Each structure stands twice: as C-alpha cells, then as structure tokens.
Protein chains: 2
Amino acid sequence: MTSMTAEITPQPLIVWRMLQRAQVQITRSLEVELLSAHDLAPAAYDVLLQLSEATGRRLRMNDLAERVLLSRSGLTRLIDRLQRDGLVEREACTSDARGLFAVLTEAGERRLGEATPTYLRAVRGQFLDHLEEEELRQCAAVLTKLFARCSLEAPSDSPGAAGVPAGA
Amino acid sequence: MTSMTAEITPQPLIVWRMLQRAQVQITRSLEVELLSAHDLAPAAYDVLLQLSEATGRRLRMNDLAERVLLSRSGLTRLIDRLQRDGLVEREACTSDARGLFAVLTEAGERRLGEATPTYLRAVRGQFLDHLEEEELRQCAAVLTKLFARCSLEAPSDSPGAAGVPAGA
DNA sequence: CCTAGAAGGTTGTATAAGCACCCACACCTC
DNA sequence: GAGGTGTGGGTGCTTATACAACCTTCTAGG
C-alpha cells in the first residue's frame with residue numbers, strides 16, 4: 001500500500017499527479033498525430049480553430065494570444081510561421097492603426113478541415129471514448145466549477161462563457 | 001443542448017478543451033510560484049520528488065526520464081543543471097558500467113523540503129481545494145480508468161501501478 | 001495642440017526540450 | 001572469445017516559447 005512510512009503523497013495529490021500525466025501523454029499523442037499527418041503543431045491547430053470560430057474568421061493578435069494561451073511574442077512567431085505557410089494572413093485594422101488581425105485563409109480553412117478528423121480521433125481515442133456519459137458529465141461539472149472558482153480563464157465556448165447559455 | 005448554429009464543438013470536445021486550459025493554467029501558476037520562491041522549474045521539482053521517493057534516493061537516468069516524462073537528452077540536461085546547483089549527483093552503477101544513477105543530495109533534499117509547501121499550496125489553491133471529496137473520488141476513478149484503458153503510463157504511486165495493490 | 005502615458009505588436013535574446021546521431025558497454029551466438 | 005546487436009547515456013543542432021526592451025499609435029489632461 002501507499003502508506004508504510006510517512007505518507008509523502010496524500011491521496012488528493014495523487015489525483016493531481018495523474019491528471020498531469022494524463023494530460024501530457026494525451027497531448028503528446030495528439031501532437032504526434034497532428035504533426036505526422038498534417039504537419040501541424042497543436043498550437044497551430046488551435047490558432048486555426050479559434051480563427052475558424054471567430055466572426056469574420058479573424059481575430060486581433062492580442063485576443064488570439066489570450067485564447068490560445070500564448071504570450072504575445074509567441075503568437076507573433078506562430079503567426080509568422082502560419083503566414084509563411086499561407087494558412088493565415090495579417091490584415092490591418094482600420095479602426096486602430098496599431099492593431100492587426102490574423103485572418104484565416106482558404107488554405108488555412110482547408111488544412112483545418114483536413115486535420116480535424118485526426119484531432120477528433122486522437123482526443124476520442126485517448127480520452128473521450130473511454131468515459132461513460134455520466135463520467136463525462138462529472139468531468140464537465142468539475143471543470144466548470146474550477147473555472148468559476150479559480151482565477152482560470154474558461155475557453156470561449158465553455159459553459160459560463162459568452163455564447164453558450166449553460167442549461168439550454 | 002448547446003447549439004444555436006451548427007455546433008462546431010460537440011459537447012464532449014468542450015470537456016477536452018476545458019481540461020487542457022485548466023491544466024495549462026494551473027501548471028503555469030505552479031511554475032511561477034515554484035520559480036519565484038525557490039528557483040525551481042516544475043520539471044526540476046518533479047525530478048527531486050521522484051528521487052526522494054525512490055529507494056536509496058537514487059534512480060537510473062533512463063528510469064527517471066520515464067517517470068518525469070522527459071526525453072533522455074532532456075533529462076541529461078536537466079540533471080546537468082541540478083548537478084551544477086548541487087541538488088543531485090551522478091553516480092556510477094557498479095553492476096552496469098554504462099549506467100548512471102542520479103542521486104539526491106542533502107542540499108537537494110533540503111530544497112525539495114522547502115519547495116514542497118509552495119507546491120502543495122499552489123496545487124490545492126488552484127485545484128484540490130475547490131472540489132468536494134466526492135468530486136475528487138470521481139476524478140480519481142476517471143483517471144484510473146483512463147490509465148488502465150489507454151496506453152497511458154500511470155504515475156508510480158497511482159492505483160494500478162506496481163507497489164500499490166489498489167484496495168489496500 | 002502638445003505632452004504623458006498606456007496599449008498593440010514585433011524584435012533581441014535566453015532557455016528548455018526534442019530528435020538524430022554517437023560512443024561505450026553488455027549480452028548473445030557462434 | 002570474437003563479432004554483431006541492443007541498450008544506457010550524452011552531444012550537436014533545431015525549435016518553440018517566454019521575457020524585456022522597443023516602436024508606433026491611441027487617449028487623456030493641460
């Protein structure tokens with residue numbers, strides 16, 4: 001059993017450790033698939049996805065950086081790469097000369113479309129498929145609670161965020 | 001349901017996205033605390049922790065790399081840094097001249113001891129404290145299931161891992 | 001207006017991590 | 001016991017990311 005001397009890892013801590021490992025391993029497997037099949041890093045996929053969901057398929061750099069949890073400089077470089085590959089473009093913001101939009105291109109949309117089945121397959125295969133509906137609901141509840149109670153920023157489409165009237 | 005136009009992100013997917021964000025944000029906050037208070041990156045903390053839990057306070061490089069989910073070269077460099085700071089030492093393996101042990105030093109143990117309250121405070125404050133016992137149990141159950149059913153490698157002290165006969 | 005300061009983005013630089021490759025030793029077969 | 005294969009670990013190089021400093025433009029106050 002886990003105890004026999006002083007208990008170094010109290011039970012709740014183990015949950016944290018498991019969570020960490022699970023997340024890392026799932027993410028890594030996702031990364032491998034996405035990279036090998038579509039030459040797309042997870043962060044890049046995330047950018048394309050966020051853009052595709054945004055109105056006008058465009059987002060201000062700053063806004064986008066927050067959504068994908070990247071520093072602004074990190075996003076600058078990521079967009080550089082995506083632009084080089086023709087998946088996004090930068091477009092000036094007419095109402096604020098400092099501002100720039102990252103805009104999803106046709107090619108970017110296509111690439112996102114190609115990659116999405118891979119993405120879904122990976123996430124389901126490593127995660128979602130192994131949970132019952134009930135368990136999934138529990139996860140959702142727990143996570144929602146965390147976002148509400150910690151200072152965590154919820155994803156734009158989670159319950160508690162704008163466009164999703166929770167109980168609907 | 002969540003829909004109102006075409007639902008781009010089916011409900012289960014949202015769980016995944018929330019999980020990702022939560023994990024990243026918690027980890028980041030943990031990193032900030034650990035770095036600012038103890039000049040210890042999370043990976044470094046993890047290494048010290050694993051060593052402290054190992055018998056003889058030592059682990060083979062390869063073994064350690066697996067436990068902290070780092071590539072071998074990544075671990076080589078991390079141990080380099082920790083060794084430079086006097087927190088671990090390398091020690092030859094008598095039974096296999098190729099092998100090396102990473103060994104926790106006194107200083108490393110001390111540093112781990114200092115950092116642990118910070119670590120615990122962060123994990124609890126961002127995560128554990130916000131969940132009821134019941135929710136925690138649900139999380140544990142879900143994660144355990146994942147480790148069992150996916151090809152994920154469980155942490156050494158989780159249920160399902162070696163020295164831990166689940167029900168004990 | 002003109003200036004002070006804040007905000008949006010990019011650039012310089014540092015760091016951690018991974019992959020591919022390399023060397024030394026171990027094991028196995030003959 | 002000599003050669004081939006595999007394993008443990010380290011090195012060279014590339015990459016993604018962060019932080020800090022920077023430039024430009026916007027906004028407020030005088």
Side-chain angles (χ1 to χ4, degrees), chain A residues 20 23-25 27-36 39-48 51 58-85 87-103, chain B residues 20 23-25 27-36 39-48 51 58-85 87-103:
Chain A
Q20 249 191 319
Q23 216 278 343
V24 169
Q25 293 183 76
T27 299
R28 245 169 235 197
S29 132
L30 179 60
E31 177 174 15
V32 169
E33 309 267 344
L34 237 32
L35 268 180
S36 65
D39 193 33
L40 224 45
Y45 180 86
D46 215 21
V47 162
L48 299 186
L51 289 179
R58 79 193 50 221
L59 241 22
R60 290 289 292 269
M61 294 293 285
N62 232 329
D63 191 359
L64 184 52
E66 274 175 34
R67 296 197 194 210
V68 299
L69 296 180
L70 231 54
S71 69
R72 278 178 322 180
S73 68
L75 181 66
T76 292
R77 263 93 183 214
L78 177 49
I79 294 294
D80 285 348
R81 300 191 290 273
L82 292 175
Q83 191 169 20
R84 176 170 43 65
D85 295 347
L87 305 182
V88 308
E89 280 169 356
R90 276 181 241 245
E91 204 168 290
C93 173
T94 55
S95 64
D96 182 344
R98 294 169 303 184
L100 282 182
F101 285 104
V103 189
Chain B
Q20 249 191 319
Q23 216 277 343
V24 169
Q25 292 182 77
T27 298
R28 247 170 233 198
S29 133
L30 180 59
E31 177 175 16
V32 169
E33 309 267 343
L34 237 32
L35 269 179
S36 66
D39 194 32
L40 224 47
Y45 180 87
D46 216 22
V47 162
L48 299 185
L51 289 179
R58 79 193 48 220
L59 242 22
R60 291 287 293 270
M61 294 294 284
N62 232 331
D63 191 358
L64 185 51
E66 274 175 34
R67 296 197 195 211
V68 299
L69 296 180
L70 230 55
S71 69
R72 281 183 320 197
S73 68
L75 181 66
T76 291
R77 264 91 182 218
L78 179 48
I79 294 294
D80 285 347
R81 299 191 291 271
L82 292 175
Q83 191 167 21
R84 177 170 44 63
D85 296 348
L87 305 182
V88 309
E89 279 169 358
R90 274 181 243 246
E91 204 169 289
C93 173
T94 56
S95 64
D96 183 343
R98 295 169 301 184
L100 282 182
F101 286 104
V103 189

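Letters A, B, ... are given to chains in the order of the sequence lines, protein chains preceding strands, and every chain is numbered from 1. Both backbone and side-chain heavy atoms feed into the values below; hydrogens, waters and symmetry mates do not. Because the structure is predicted, anything quoted here is derived from the model rather than measured.
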Measuring from atom [atom1] of [X] to atom [atom2] of [Y], what distance do you get when rounded to the nearest 0.5 angstrom?
X     : Y     : atom1 : atom2 : value
B/T27 : A/Q20 : OG1   : CD    : 5.5 Å
B/R58 : B/E89 : CZ    : CD    : 9.5 Å
A/L34 : A/S29 : CG    : OG    : 10.0 Å
B/S36 : B/E31 : OG    : CD    : 10.5 Å
A/R77 : A/I79 : CZ    : CD1   : 13.0 Å

For [X] and [N], give me the distance from atom [atom1] to atom [atom2], rounded to whole Å.
X     : N      : atom1 : atom2 : result
B/L78 : C/dA17 : CG    : P     : 6 Å
A/L75 : D/dA18 : CG    : P     : 10 Å
B/L64 : D/dG10 : CG    : P     : 11 Å
B/E66 : D/dT7  : CD    : P     : 13 Å
A/D39 : D/dA16 : CG    : P     : 10 Å
A/I79 : C/dT11 : CD1   : P     : 13 Å

Which residue lies more 5' along DNA chain D, comparing A/L70 with A/A97 via nearest heavy atoms: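 Residue closer to the 5' terminus by nearest nucleotide: A/L70.
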Show me the protein contacts with nucleotides 5-8 of chain C, counting only N or O atoms at under 3.5 Å.
| unit_1 | atom_1 | unit_2 | atom_2 | d |
| --- | --- | --- | --- | --- |
| C/dA7 | N3 | A/R98 | NH1 | 3.1 |
| C/dG8 | OP2 | A/N62 | ND2 | 3.2 |
| C/dG8 | O3' | A/R60 | NH2 | 3.4 |

Sugar-phosphate, base or nothing in reach of A/A43, heavy atoms under 4.0 Å: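 Sugar-phosphate, backbone atoms only, no base.
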Strand-adjacent residues in residues 28-36 of chain A, judged by heavy atoms under 4.0 Å from DNA chain D: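 Here the set is empty: none.
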base_contact_polar (C/dC19 base, B/S71 side chain, donor-acceptor, <3.5 Å):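 Per atom types, no contact qualifies.
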Donor-acceptor pair under 3.5 Å, B/R77 side chain vs D/dG9 base: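 Absent.
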Derivation of the salt bridge (charged side-chain N to carboxylate O under 4.0 Å, His left out) call for B/R67 and B/D63: CA-CA 6 Å; B/R67 296 197 195 211; B/D63 191 358; 3.2 Å; yes
Donor-acceptor contact below 3.5 Å, side chain A/R28 vs main chain B/L69: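 Yes, the answer is positive, given that a donor and an acceptor are paired below the 3.5 Å cut-off.
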D/dA16 phosphate, OP1 or OP2, under 4.0 Å from A/R81 side-chain N/O: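 Yes, within the criterion.
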